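Step one of this worksheet: look at the structure below.
Note that the coordinates shown come from a computational prediction; the quantities given were computed from them, not determined experimentally.
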Amino acid sequence: IVKDSRCFSNELFNRMKEKLQGLVSPDVTDGFKKLSEKARQRKIQYDIEDEELYADAPEEFVDQLTGTLMEKPVKLPTSGNILDYYTIRKHLLNDPTDPYNRQPLKIEDVEPCLELKEKIQNYINSKKGNKQQLYKTQILLI
């Protein structure tokens, strides 16, 4: 939930908590409050992890529209640009064109960039491995 900004925002969860009061049993309201708090904490954790792990990512690994690390890079056949699959999929829901040249585009037309995806995955694994090694070293020093 927290990785998709369309599904999660603290403001949205707070408004929902207010609307639930009086409509459902206190148990349901309390359960939603707990879920909301867990989601908020997890969102903070994800944001910190993303910033630490990907702050120095090579530019070719970063989605040009969102500024985030790509998970499934795809090439747009009409412009030749590379975006994350999830970014272009969202874009095409509202506008069935390539965002760079406004040529018609369907999700079926995008081309997976498997080599780039592998490079990104190796980079992520390397960064996570370094972080885990640092954590283990810190524990040993304690």
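Under a hydrophobic clustering in which Ile, Leu, Val, Met, Phe, Trp and Tyr are joined whenever their side-chain heavy atoms come within less than 4.5 Å, directly or via other members, Ile82 and Ile88 fall into different clusters. Val62 and Leu65 fall into different hydrophobic clusters, defined by Ile, Leu, Val, Met, Phe, Trp and Tyr side-chain heavy atoms under 4.5 Å apart, directly or through other members. No continuous path of ILVMFWY side-chain contacts below 4.5 Å connects Leu76 to Leu116, so the two sit in separate hydrophobic clusters. Note on Tyr85: it clusters hydrophobically with Leu83, by side-chain heavy-atom contacts below 4.5 Å among ILVMFWY residues. Note on Val74 and Ile124: separate hydrophobic clusters, where clusters join Ile, Leu, Val, Met, Phe, Trp and Tyr whose side-chain heavy atoms are under 4.5 Å apart, directly or indirectly.
Classification of Asp95 and Arg102 as a salt-bridged pair holds, one side-chain N sitting under 4.0 Å from a carboxylate O. Note on Arg15 versus Glu11: salt bridge recorded, some NZ/NE/NH1/NH2 to OD/OE distance being below 4.0 Å.
Here CE of Met16 is found 12.0 Å from CD of Gln21. Values are rounded to the nearest 0.5 Å. With rounding to the nearest 0.5 angstrom, the CE atom of Met70 is 8.5 Å from the CZ atom of Phe61. Distance check, rounded to the nearest 0.5 Å: SG of Cys113 to CD of Glu118 gives 13.0 Å. We find the OH-CG distance between Tyr100 and Asn81 to be 5.0 Å, quoted to the nearest 0.5 Å. Asp84 contributes atom CG, which lies 9.0 Å from atom NZ of Lys90 (distance to the nearest 0.5 angstrom).
The shortest side-chain heavy-atom distance between Glu111 and Pro77 falls under the 4.5 Å cut-off. In this structure, Pro96 and Leu105 have side chains that are not in contact, with every pair of non-hydrogen atoms separated by 4.5 Å or more. Thr97 is listed as a side-chain neighbour of His91, based on a closest heavy-atom distance under 4.5 Å. Looking only at side-chain heavy atoms (C-beta outward), Lys75 and Val110 stay at 4.5 Å or farther from each other.
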Working for salt bridge (charged side-chain N to carboxylate O under 4.0 Å, His left out), residues Lys34 and Glu37:
CA-CA 5 Å; Lys34 288 177 185 174; Glu37 183 57 27; over 6 Å; no

I would like to know whether Lys127 and Asp56 meet salt bridge (charged side-chain N to carboxylate O under 4.0 Å, His left out); could you show each step before the answer?
CA-CA 10 Å; Lys127 293 296 264 183; Asp56 60 346; 3.0 Å; yes

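Thr87 and Asp63 are linked by a side-chain donor-acceptor pair at a separation below 3.5 angstrom, with hydrogens and angles left out of the test. Looking at Ser79 and Asn101, their side chains never bring a donor and an acceptor atom within 3.5 Å of each other.
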